Every structure is written in C-alpha cells, then in structure tokens.
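What's counted below: heavy atoms across the whole structure, side chains too, no hydrogens, waters or symmetry copies. In this text, all values refer to a predicted model and were calculated from it rather than measured experimentally.
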Amino acid sequence: MQILKTVALPFEPRKLLLLGDARMLIVTDAFGGQLAVVAVESGEVASVRDLPAHNLQGLTLNHAQDAVLITHQHLNPLARATFNDLHWGMLSNNVARPISVQRLLSPTANLLDGQGAVRLGDVGHGAADPSDIALLDKGRIAIAFAGTGEVAITDLAGRDMRRYKTGRRPTALLATVDSGEVVVANTLSDSISVIDPAADLPVRDVSLGPTPEPSPQTRGELLFFDAGISHDSWMSCHSCHTDGHTNGLTADTLGDGSYGAPKRIPTLLGVSQTDLWAWNGSMKELHDQIDQSIRTTLHGDSPSGEDVNDLAAYLQTLKPPPPLRSQTIDKADETSLTRGRALFHEMNCIQCHVPPVTYTTGGAFDVDLVDEVGNRKFNPPSLRGVGRRRGFFHDKRAKTLDAVFTDHQHQVDRDLGAQELTDLVRFLESL
C-alpha cells in the first residue's frame, strides 16, 4: 500500500462516494454542510458546494444511479429554541435528500432544485440524528436514526414508513437485497441487529460480547447521543455538537439569558479547560450549563443529578481539537511562529486568552462588539483549535481569522502589516 496523492479540502471529511464511472469522488463535510467533488485521477477539487445542512452522515446512490441520497440535519436559522419551535419541528429537521448527479457535477447548478427532500419524524415522534442509508428492493430504502435507536424502512417519498427499534446509536447499515434483511451496527450497544420485516419477530439482536458495568463517563456518552433527553426525540446533544465538536452554525437559545441574538455553537472539545460557560459567562459550573441546556434548549424533563454528573464526566474526557497547522521543522515557519507568539503577547491578547494551557480566562469582557439585544460583554472562548472554527466572535461576523484583525480591528490599536498578520494568524493556527 502507498499514498498516491493527498487532496487538500476546506473542511474535515467524513463520507466518501465514488460515482458510477469511478472518475469523480463525492466527499462530505464531517461537521457542517459542504460537499466536495474531486476528480479521482488528478486529485483536483472540481468544486465545493454548500447545503443548508449539517451532520451529513449517510451517503449513497439511488436505485437509478442518477441521484445521490444524503441524510442530514437542518437547523432553522429563523427559529428559536422555544418549546413551540421544537415541538412543531421548526427548530431542527432531520432529512433524507436526493441530489441529482448531473447538478452535483455542475459547479454552478442549484443543488436543491427539482427533487424534494424527505422530512424524517413528525410531531410527537421525532427522528433525531439520521445516520446511514441503504438501498432495498422495490425502490425502498432503510435509514438509521442514531438518536432514537431505530431504523426506518420507507420509499424515497417517505410513504408507508415503518420504524424498528434496534440497539443504541445505530450508525451503519448493510442491506441484503435478496433476503430483504437489513443488518444494523449499534455503536453504543456492542451489538448488531438484523431486521427482517417479513418475520414474525422482525428484529433480532446479536451481542458482540459481554458488556462491562458502565462508568459515569460511559453513561454520559450514552446520554450525549440519546435524543430521548429532548422533547419528542427531535434532537440530541450531538445534533448541534457533532461528535462533541460543533456543527459550525448559530442558534438562538437561552444560553445568554434571552432570545433575539443567535450565538455561535461552540465546540465542546476541551470544554474542561473553560472557566465559565455561556457566552455571557453566567454559568459558573459545567453542571449548571448542562442542566440549563437540557431544560431550555432540548426541552426535556429536568435531568437527575446523576445524569448531569454523568454528562459532565463524559464531556471532561473530550480533548481539545488538534491545531489546524502544527509546528514544523521548517526554519522559516518556526521564525514566523516565534514572531506571531511575540505579537500575541505584545498586543496584550493574553489578558483574555491566558497561555499556555487554556488560552481563555473567567469573566465577561467588553470588546467593542454589540449583539442584537444590546449585550456588550462576552465570555472569551478558548483559542485551542481556533483555526478549525468556521466563523469567529459570538455571531460569526468575522468569516476568517484574518478578518478578525483586518475587518473588525479586534483589540488592535494600529493596522497590522502584511507580515505581522501572517505571523499572528500562523501562531493562532498552531494552537
């Protein structure tokens, strides 16, 4: 085995799909809603497309091989995390979407024209976190609902949908078209399920070995990926904090004490290195933040003290994201990093982003930013992994790290020279 070529992408990849002639490769965004089309032979990225989506977890071709089927979630930017918006399915939608191969391969075509998406779940019976998707016979498909521990069998229009209970967090499907069975990998149950809709007992479970007594961290992981902690199973913690990270979007929650000012959904990777929580720093303990999020964002039942402790224990295991660009042995790169670090100190960035461990501090600070409801003080986020963020400040008003200093003059009392800006951004990307 040898590496033939490495293809740079503008996002972290997750799913891969070769189109019929194996000349083009579709790559999905691991967290947000981007798709890349890559020419296999040359390794060139032909196009990068944006979908109003996140958690692109399922990817396959349809029966006719002329459309790509994608499962994803959609967070409505106009909705608020109120009980009504969640209850009526206006806040978070779970979707299976066909996209024409022809449109996908045309860099300027509208991907959403021509074919409708299938809305998964309904009022009173949500279908959080759709994951894998597999083709069955007679135009039917199987879709795993990782958040509810179910697999649905339906057609591409979502008609006559039947849902089968499986183990915890089903994430991978294997369809045996001849027998009509679907094999399901239950990631958090150490088991597989076999679904045979024609059988008297349509689901049988196969254990993959003894399961040890769960630790608090394991119990917290089960809760994190379980949509049962939300009202009607519309969402899980993972729905917005993908695999503990972030979907890169904004949401209008009560995290800052009011509605009307959507805030960037922060990563939870390295959350143990945060001193205060919520964008206004109002939560002094992680346990308080967890309790409030379940009650006011997910609108689930008030969690028990044990559940909050378990979720906190799991979150404490999440390490900070790796740097976007680690330090290299190149002398010029080392010199640029050194200059950028010195500039970071010279500009007194360390007042709010204290090195060398957390690059944050407790408290809320006025940094000349005002949100839609007049808030001026914000809790500084950790800069660990800052190069991997897709938008900066509380509302993503800065699109790039460069823009933080050029367009918004964040905490700078003079215009930075081109080399200074390069060095500073290089240092931040190394955190």
Can you tell whether the side chains of R390 and E12 come within less than 4.0 Å, N to carboxylate O? yes
K138 NZ: over 12 foreign heavy atoms closer than 6.0 Å: no
Ignoring hydrogens and geometry beyond distance, is a side-chain donor-acceptor pair present between S193 and N186 at under 3.5 Å? yes
Taking atom types as modelled, find out whether S293 and Q289 have a side-chain donor-acceptor pair closer than 3.5 angstrom. yes
Is there a donor in the side chain of S233 and an acceptor in the side chain of T148, or the other way round, less than 3.5 Å apart? no
Do the side-chain N and O atoms of H72 and H54 include a donor-acceptor pair separated by under 3.5 angstrom? no
Looking only at side-chain N and O atoms, does S239 offer a donor or acceptor that is under 3.5 Å from a partner on Q73? yes
salt_bridge(R426, D333) N-O dist < 4.0 Å: yes
More than 12 heavy atoms of other residues, nucleotides or ligands under 6.0 Å from NZ of K377: is that the case? no
We want to know whether N309 and H287 form a side-chain donor-acceptor pair, criterion being a heavy-atom distance below 3.5 angstrom. yes
When you compare the side chains of T242 and N55, does any donor N or O come within less than 3.5 Å of an acceptor on the partner? yes
Sole residue of I153, L136, V203 in side-chain contact (heavy atoms from CB on, under 4.5 Å) with P197: I153
With a 4.5 Å cut-off on side-chain heavy atoms, are N280 and N375 touching? no
Check whether the side chains of R119 and N93 place a donor and an acceptor atom closer than 3.5 Å, and report yes or no. yes
Check whether any side-chain heavy atom of W234 lies under 4.5 Å from a side-chain heavy atom of W88, and answer yes or no. no
I want to check a possible cation-pi pair here: R169 against F225, using under 6.0 Å from ring centre and within 45° of the ring axis as the test. yes
